[in-house]
Amino acid sequence: MGTIVLMAAFAFVQYLFHTVVAMNASTMVVQLENLEDTVIRNQTDIVSQVLVVNMFILVLMFGMNFGVKLFFKSDEDQQKLCDLQEKNLEQQLANLKYQINPHFFMNTLNNIHALVDIDPEKAKWAIIVMSKMMRYILYEGNHTFIPLQKESDFIHSFVSLMRMRYTEKVSIKLDVPEHFSVGEIPPLLLICFVGNAFKHGVSYRHESTIDISLAVENDTIKFRCINSKVSESDAEKGGMGLESVHQRLNLIYPNHHTLVVEDREDTFSVWLELPLTNRKDN
């Protein structure tokens, strides 16, 4: 009887042991499955995050590459624009030189020819003055900037030769100092206005006036040219276009100059103000 009880107790204990083991094993399997699911989810999240980061880096690299190309392209376009503007400026200056040369020098030579027999000394003086002006146009005119003194000398020479052509009916007032110690200016800039004043403001039949002044005040170059207006029949043909002067000023002094032109019934006036600069020629 005792043996049977012991065997029954042993069987019950085995049953409990196997049941507990089975339950623990089942719990561990469930935990392992949960852990595996968690690992898989975490791996999926990590992979997704890595993909997002890689995509962001790729987009950033493409953006930087595009930005760099755009920057250099813009810089190249800007350089091309500057080159074109510089070439345009040089062409305008060349055209201006050709506008000054023909009529003025032809008329001056005719005057000198007439003086050779009448006043040889004055004819010699006129030839010297004209040669200096031609040297200025040929050599100084190729620079971007020249000393204000040289432009002033050219205006003095131009006006002195023009005085030979006209009688006392033409009143010419020139208020330009003989010496400028400071300041630089584009060559042949002011002579455009002076030349037009003589071409369109002088009549051989009626009294005419030309008033020219040039000064340096408060770090500013100030130029004024006022001439009387005559009928088209009295005025000389040709002239130097003010539009080209506008373009030159806008290219060289963008938003740093003042140009006022007044075309009235009986007078034509020009006021020009430029910043006082002392720069090296390009």
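No hydrogens, no waters, no symmetry mates; every other heavy atom, side chains included, goes into these values. Residue numbers start at 1 and run along the sequence shown.
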Visitor: So does Lys132 pair up with Asp153, basic N to acidic O under 4.0 Å?
Guide: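 Looking at Asp153 together with Lys132, the answer is no, because their closest N to O distance does not fall below 4.0 Å.
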
Visitor: Please say yes or no: joined through hydrophobic side-chain contacts below 4.5 Å, possibly via intermediate residues, are Val182 and Phe223 part of one cluster?
Guide: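 Cluster IDs for Val182 and Phe223 match.
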
Visitor: If you measure from CG on Leu214 to CD1 on Ile221, what distance do you get to the nearest 0.5 Å?
Guide: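 Leu214 atom CG to Ile221 atom CD1 measures 7.5 Å (nearest 0.5 Å).
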
Visitor: Is the shortest distance from a Lys or Arg side-chain nitrogen in Lys222 or Glu217 to a carboxylate oxygen in the other one below 4.0 Å?
Guide: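 Salt bridge flag = yes for Glu217 with Lys222.
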
Visitor: Treating Glu151 as the side-chain partner and Leu188 as the backbone partner, does any N or O pair qualify as donor plus acceptor under 3.5 Å?
Guide: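 It does hold such a pair.
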
Visitor: Against Phe268, only a single residue in Asn196, Ile226, Val261 fulfils side chain to side chain contact (heavy atoms under 4.5 Å, CB included); can you say which?
Guide: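 Going through the options one by one, the only one that passes is Val261.
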
Visitor: If you measure from OG on Ser228 to CD1 on Ile210, what distance do you get to the nearest 0.5 Å?
Guide: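 If I round to the nearest 0.5 Å, the distance is 7.0 Å.
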
Visitor: So, does His156 use its side chain to make a donor-acceptor pair with the main chain of Val176 at under 3.5 Å?
Guide: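 A pair under 3.5 Å: yes.
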
Visitor: Report yes if some heavy atom in the side chain of Pro187 is under 4.5 Å from a heavy atom in the side chain of Phe154; otherwise report no.
Guide: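 Heavy-atom side-chain distance check fails, nothing below 4.5 Å.
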
Visitor: Any chance you could measure Glu184, atom CD, to Thr144, atom OG1, to the nearest 0.5 Å?
Guide: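 One finds 10.5 Å between CD of Glu184 and OG1 of Thr144.
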
Visitor: Can you measure from CG (Leu190) to SG (Cys225) and round to the nearest 0.5 angstrom?
Guide: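 Leu190 CG to Cys225 SG: 9.5 Å, rounded to 0.5 Å.
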
Visitor: So Leu109 and Met130, do their side chains get closer than 4.5 Å, heavy atoms only?
Guide: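 Answer yes - side chains close enough.
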
Visitor: When you measure from the side chain of Gln149 to the backbone N and O of Phe180, does any donor-acceptor pair fall under 3.5 Å?
Guide: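 Yes: the side chain of Gln149 pairs with the backbone of Phe180.
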
Visitor: Could you walk me through whether Leu274 and Thr220 pass the side-chain contact (heavy atoms from CB on, under 4.5 Å) test, one step at a time?
Guide: CA-CA 6 Å; Leu274 302 174; Thr220 302; 6.0 Å; no

Visitor: Would you say Phe158 and Val194 make side-chain contact, with heavy atoms under 4.5 Å?
Guide: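 They are in side-chain contact.
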
Visitor: So, does Ser157 use its side chain to make a donor-acceptor pair with the main chain of Ile155 at under 3.5 Å?
Guide: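 No, Ser157 side chain to Ile155 backbone: no donor-acceptor pair under 3.5 Å.
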
Visitor: Do Val159 and Lys173 have side chains that approach each other closer than 4.5 Å (heavy atoms only, starting at C-beta)?
Guide: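 Contact flag for Val159/Lys173 side chains = no.
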
Visitor: Closest heavy-atom contact between Ser152 and Pro177?
Guide: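 It is OG-O, 3.3 Å.
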
Visitor: If hydrophobic clusters are built by linking Ile, Leu, Val, Met, Phe, Trp and Tyr wherever their side-chain heavy atoms come under 4.5 Å apart, do Val216 and Trp271 end up in the same one?
Guide: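 Per the 4.5 Å side-chain linkage, Val216 and Trp271 are not co-clustered.
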
Visitor: Check step by step if side-chain contact (heavy atoms from CB on, under 4.5 Å) holds for Ile212 and Phe193.
Guide: CA-CA 9 Å; Ile212 304 167; Phe193 305 112; over 6 Å; no

Visitor: Ignoring hydrogens and angles, tell me if any N or O in the side chain of Glu273 forms a donor-acceptor pair with the backbone of Leu259 under 3.5 Å.
Guide: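 Not a single qualifying donor-acceptor pair exists.
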
Visitor: To the nearest 0.5 angstrom, please state how far the CD1 atom of Ile127 sits from the CG atom of Leu161.
Guide: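 Answer for the CD1-CG pair, Ile127 versus Leu161, is 11.0 Å.
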
Visitor: Determine whether a donor-acceptor pair (N or O, by modelled atom type, separation under 3.5 Å) exists between the side chain of Thr267 and the backbone of Asn227.
Guide: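 Side chain of Thr267 to backbone of Asn227, a donor-acceptor pair under 3.5 Å: no, none is there.
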
Visitor: Could you tell me which non-hydrogen atom of Gly201 sits nearest to which non-hydrogen atom of Ser208, and how far apart they are?
Guide: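 Where Gly201 meets Ser208 most closely, the heavy atoms are O-CB, 3.3 Å.
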
Visitor: Do His257 side-chain atoms and Tyr253 backbone N/O form a donor-acceptor pair below 3.5 Å?
Guide: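 Side chain of His257 to backbone of Tyr253, a donor-acceptor pair under 3.5 Å: yes, one is there.
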
Visitor: Working to the nearest 0.5 Å, report the span between CH2 of Trp125 and CE of Met164.
Guide: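 These two atoms lie 6.0 Å from each other.
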
Visitor: Could you tell me whether a side-chain N or O of Ser213 sits under 3.5 Å from a main-chain N or O of Asp175, the two making a donor and an acceptor?
Guide: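 Pair absent, no side-chain N/O of Ser213 close to backbone of Asp175.
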
Visitor: Keeping Asp119 on the side-chain end and Leu115 on the backbone end, is there a donor-acceptor pair under 3.5 Å?
Guide: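 A pair under 3.5 Å: no.
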
